[in-house]
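Input: a single structure, listed below in structure tokens.
The basis for the numbers below is simple: all heavy atoms, side chains too, and nothing from hydrogens, waters or symmetry mates. Predicted, not measured: the structure shown is a model, and the values here were computed from it. Letters A, B, ... mirror the listed sequences (proteins, then strands); counts begin at 1.
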Amino acid sequence: AQKITQTQPGMFVQEKEAVTLDCTYDTSDQSYGLFWYKQPSSGEMIFLIYQGSYDEQNATEGRYSLNFQKARKSANLVISASQLGDSAMYFCAMREAYNTDKLIFGTGTRLQVFP
Amino acid sequence: EPEVTQTPSHQVTQMGQEVILRCVPISNHLYFYWYRQILGQKVEFLVSFYNNEISEKSEIFDDQFSVERPDGSNFTLKIRSTKLEDSAMYFCASSENRMPTDTQYFGPGTRLTVL
């Protein structure tokens with residue numbers, strides 16, 4: 001089974017609108033971290049936002065917020081007031097518990113913002 | 001703001017040749033990682049490194065791969081005898097600690113092309 005599932009290969013949004021990128025995860029661990037990264041066409045991986053499994057509040061970082069629904073095992077990224085520069089690939093990733101170092105990535109969602 | 005740097009940005013090599021990819025992690029970080037992303041695919045964990053030892057490695061990280069911290073700042077990935085299927089973007093990352101809550105910050109990547 002996939003550990004991280006991103007079901008939207010591509011999304012379009014108009015500038016200044018909000019958009020939600022979906023992410024569901026699968027783990028039996030109680031302690032884990034969820035991360036979103038942005039990969040523009042230039043290729044680098046930019047950290048956006050983090051949510052811990054024990055965090056009761058949804059994480060927010062500027063225009064980014066994470067809609068964390070633990071019972072549904074979902075961690076959707078919400079980008080408010082989209083900008084043209086938000087056009088990129090977005091990856092959801094998870095790190096499980098304390099005995100593994102690796103981030104497990106989803107397949108990504110390509111977001112295109114149009115004027 | 002401190003960042004992970006990687007050199008070169010693009011490396012072209014002949015099949016069977018050895019390559020060394022270099023990274024300078026963020027200076028106060030203790031944990032270092034290599035990931036790779038084959039074109040159009042998701043990001044995959046290769047190896048983690050702490051206290052001059054491999055902490056964890058994936059099944060991808062076979063005997064042709066090795067990592068080293070030759071001095072106090074550099075962290076290298078060596079591929080001994082490159083194969084066509086090693087063509088990918090290789091990302092170095094670092095984190096302050098090893099908790100699930102610790103963000104791994106990625107470098108800009110080295111695009112390796114094996115001919």
Side-chain angles (χ1 to χ4, degrees), chain A residues 2-10 23 25 27-55 59 61 64 66 68 70 75 88-110, chain B residues 1-6 8-10 23 26 29-51 53-61 67 88-113:
Chain A
Q2 294 288 327
K3 290 271 190 179
I4 296 284
T5 302
Q6 294 181 257
T7 56
Q8 306 154 315
C23 173
Y25 59 93
T27 182
S28 55
D29 286 351
Q30 296 301 307
S31 178
Y32 50 90
L34 297 158
F35 302 82
W36 278 90
Y37 289 84
K38 172 184 178 181
Q39 187 177 41
S41 56
S42 49
E44 70 265 36
M45 293 287 286
I46 302 166
F47 165 70
L48 295 178
I49 195 167
Y50 158 79
Q51 179 85 42
S53 58
Y54 292 119
D55 295 340
E61 283 287 345
Y64 304 108
L66 206 152
F68 180 47
K70 194 169 180 178
M89 281 289 284
Y90 289 81
F91 290 96
C92 180
M94 175 174 67
R95 185 167 176 180
E96 294 175 295
Y98 296 92
N99 58 356
T100 180
D101 298 330
K102 64 185 175 193
L103 281 173
I104 303 166
F105 282 82
T107 50
T109 295
R110 181 169 297 283
Chain B
E1 186 174 317
E3 57 184 20
V4 177
T5 59
Q6 289 185 244
S9 56
H10 193 181
C23 167
I26 294 172
H29 286 186
L30 302 176
Y31 292 86
F32 315 124
Y33 314 85
W34 284 101
Y35 290 82
R36 80 170 184 193
Q37 183 183 32
I38 295 172
L39 187 64
Q41 298 186 24
K42 60 181 170 183
V43 179
E44 301 172 292
F45 170 79
L46 291 177
V47 66
S48 58
F49 191 85
Y50 169 69
N51 200 25
E53 286 186 343
I54 289 175
S55 177
E56 184 180 352
K57 60 182 181 179
S58 72
E59 61 273 11
I60 302 169
F61 193 88
V67 288
M89 181 76 100
Y90 288 81
F91 290 104
C92 174
S94 69
S95 66
E96 213 169 331
N97 285 303
R98 195 181 174 236
M99 309 283 281
T101 54
D102 283 298
T103 298
Q104 295 181 20
Y105 293 92
F106 283 68
T110 292
R111 183 168 299 284
L112 177 66
T113 302

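Of the residues considered (A/L103, A/I4, A/T107, A/I104), A/L103 shows the highest number of contacts with chain B, using heavy-atom pairs under 4.5 Å.
Heavy atoms closer than 4.5 Å to chain B are found in the side chain of A/Y50, but not in its backbone. Interface remark: B/Q37 contributes side-chain atoms only to the contact with chain A (heavy atom separation under 4.5 Å). Of the two parts of B/Y50, neither the backbone nor the side chain holds a non-hydrogen atom closer than 4.5 Å to a non-hydrogen atom of chain A.
Once rounded to the nearest 0.5 Å, the distance linking NZ of A/K102 with OH of B/Y33 reads 13.0 Å. Note that the CZ atom of B/F106 and the CD atom of A/Q39 stand 10.0 Å from one another [nearest 0.5 Å]. Separating the OG1 atom in B/T101 from the CZ atom in A/F35 is a distance of 7.0 Å, to the nearest 0.5 Å.
Counting only distance, with no hydrogens or angles, the side chain of A/R95 and the backbone of B/R98 share a donor-acceptor pair below 3.5 Å. Within the 3.5 Å criterion, the main-chain N or O of A/D101 finds a donor-acceptor partner in the side chain of B/Q104.
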